[in-house]
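As a basis for the values below, the full set of heavy atoms in this structure was taken, side chains included, without hydrogen atoms, waters or symmetry mates. Both counts, for ligands and for their atoms, begin at 1 and track the order of listing. Along the sequence shown, residues are numbered consecutively beginning with 1.
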Amino acid sequence: MDKNQQLEPYRKSHGEELLTTNQGVRVSNTDDSLKAGNRGPTLMEDFHFREKLTHFDHERIPERVVHARGFGVHGYFQVYESMAEFTKAKFLQDPSVKTPVFVRFSTVVGSRGSADTVRDVRGFATKFYTEEGNYDLVGNNIPVFFIQDAIKFPDVVHAIKPEPHNEIPQASAAHDTFWDFVVNTPETAHMIMWLLSDRAIPRSYRMMEGFGVNTFRFVNQQGKARFVKFHWKPLLGVHSLVWDEAQKLAGKDPDYHRRDLWDAINMGSYPEYELGVQMIEEEEEFNFDFDILDPTKIWPEEMIPVKRIGKMTLDGNVDNFFAETEQVAFHPGHVVPGIDFSNDPLLQGRLFSYLDTQLIRLGGPNFHEIPINRPVAPIHNNQRDGYHRMTIDRSSVSYSPNSLQGNAPTPATEAEGGYVHYEEKVEGKKVRQRSESFQDHFSQATLFWNSMSTAEKQHIIEAFHFEVGSVMDQQIKQWVVDMFNNVDGQLAVQIAAGVGATPPANPKSSGSAASSPTVSQENTIKTAGTRKVAILLENGYNHQEVSQVMEALTAAGVHSEIISKNLGMLTSVDGQQLEVGKNYVTTGSIKYDALYIPGGQQSINTLVMQGEALHFINETFKHAKTIGATNEGIDLLMTSAIQGVAMAGADTQAQVITEMGVVTIRNATDMKDFAKEFIHAIAQHRHWIRQNKKQMIPA
Ligand code: HDD
């Protein structure tokens, strides 16, 4: 059965029905409680009052202990070609099969009501409703983890969550307990580098990679196994916000990422991600200078290529956030035949924790009966009863073996699709130890640092200044400097300079300077598709200019919105009209990818007098986004803080000039060349060449 069809009986529309209690009794008044006299006390016998309040009092379930804030969407997955050579998983065999999926994106640290754009790891959890049962790929947007052994998970989470005495700060790693944990736990070094990079402030869930992080196994029909790591590769590329923007968005639009996803799906711009796998033969397990079971290590893509095996399309928003997004239950232990585990000690612990957490969060062992969690594959077993059991099992037999029911339900053979665990040979003493091969905590942190562009490195340094600068304890700050000197000496020197600590006496050199270019976002897919452009406009604008540019943007899949002082209609020089989408108080430059200022003398004369318009320009420039201006629009740029850059376009004759991502044309009526260049500039995402100019821009 199709997942959508399966959900249908549970969907309920609300129209013109008469109000009832939960027992179906019609209610005559829901605004006044039953009282002894109209100024008297409420009576116990008011069953409607009691039921309504009781239900309300119990509306909340515990939020997830981590990943509390999230957003879920429906979609489907299709494999490109049969993967039978590597795995017998049925959903990876036939390119014509569309497997339904539900994906929940999340932040890790913040509470359910926290802001979307905080600096944090993003969860990327996918439930595949396959014919052989549910398979959950519970990943993150960062390919490595803080710790190597699951027994330390409560420690890292306690350290990063708000401090227990005052519950400050919300959704942030920038505080003493977290950095105290870090300096005492060198295995965190690699993930800290990713967490302080642009990866931790994504532009959109649609522009984020996903990683299974842990090492799993693929097992084929012949029983041959290979180690595998899973990847999601977004077709829009991997792109991020800048920190100032992320902080401002957290205030101005805390729902920025969920709104972006919700809107994209509603507009039909369905996010797409390719599923990639890296595979290592069992015989090659020990051929690397890192342990392939160590979750603090990547398998560099240049060394072990990512094979793209299929595509996921997200095409459906939920009907009800609580019923679907809040109640969905993921678990790395939800696997299907053909996918198996490795001895990665973090994964092994995860296999316990997720089932356990659902019991408290969803209130018992029957959470698989909640519609969003139901497999499309049929369920037959002897499990019975428990809180909130929905199924009415119709047999006296609830045990195995049995003869009363011919021993049904009968275990399936492997040929019948029974899950048979990979027969890995295991031998060893019971020890509380970690393998020597897990001891190198810095080489890949250095590899990551060496792979960053100049701009990305600068962002990491600034992130250290913010995070460690927020730590109160001077000793911890110093230890951070000392610890990251093991990654790169110059990085440590720069951290020290920003946080008032002493630079390392012997700055470490980067050694071999080995790099992995694929981890840099500079090398990602660049497209203007689905980006948002703000157009600043007032009465007396040039209609022909605006409409030509807007048409070109639409043709390239770029969305645009008109922003003005007041909502309503604007009239052009020649009497045409356009509707304002947002005014300055309901939006801001931070909500757009680019800015366009069309000409029209009267419009520009008004804009020049508006502080909000100038702030819009300055802020867009500061955040390294594309700015376009045509004809008199350039005069507005000349009155802003970026006049030095706009100067290049000031006197040109119908020729497009691009200077640091500022695209201009003067004396032109045909906007074709301008639009082409403007769209090309938007596709670059950001113009980091401005990095050293941003000081000239006021906040
Ligand atoms: Fe976890 C939730 C991802 C390590 C224990 N985790 C959770 C979610 C994601 C991840 C995406 C949210 C699922 C959803 O949207 O409902 N977690 C990871 C990744 C890890 C990782 C990629 C490292 C490879 N997690 C990890 C460890 C443990 C947990 C080591 C415990 C031993 N994670 C949990 C949890 C959560 C959870 C407490 C909270 C809510 C839930 O499971 O359903 O069990």
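Looking at E209 and K233, a side-chain N of the basic residue comes within less than 4.0 Å of a carboxylate O on the acidic one, giving a salt bridge. By the 4.0 Å N-to-carboxylate-O rule, K12 lies too far from D319 to be salt-bridged with it. Salt-bridge formation is not detected for the pair E63/R112: no Lys NZ or Arg NE/NH1/NH2 atom is positioned less than 4.0 Å from an Asp or Glu carboxylate oxygen. A salt bridge between E131 and K90 is present, with a side-chain N of the basic residue lying under 4.0 Å from a carboxylate O of the acidic one.
Residues in residues 97-106 take part in these side chain to side chain donor-acceptor pair (under 3.5 Å) pairs, two or more places apart or across chains: H67-S106.
When all heavy atoms of E326 and I61 are compared, the closest pair comes out as CG-CD1, 4.1 Å.
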May I have every N or O pair linking ligand 1 to the protein at under 3.5 Å, one per line with atom names and distance?
residue  : atom   : partner : partner atom : Å
ligand 1 : 6 (N)  : H67     : NE2          : 3.4
ligand 1 : 6 (N)  : Y354    : OH           : 2.7
ligand 1 : 15 (O) : R104    : NH1          : 2.6
ligand 1 : 16 (O) : R64     : NE           : 2.7
ligand 1 : 16 (O) : R64     : NH2          : 3.3
ligand 1 : 16 (O) : R104    : NH1          : 3.4
ligand 1 : 17 (N) : R350    : NH2          : 3.3
ligand 1 : 17 (N) : Y354    : OH           : 2.7
ligand 1 : 25 (N) : Y354    : OH           : 2.7
ligand 1 : 33 (N) : Y354    : OH           : 2.9
ligand 1 : 43 (O) : Q358    : NE2          : 3.0
ligand 1 : 44 (O) : S353    : OG           : 3.4

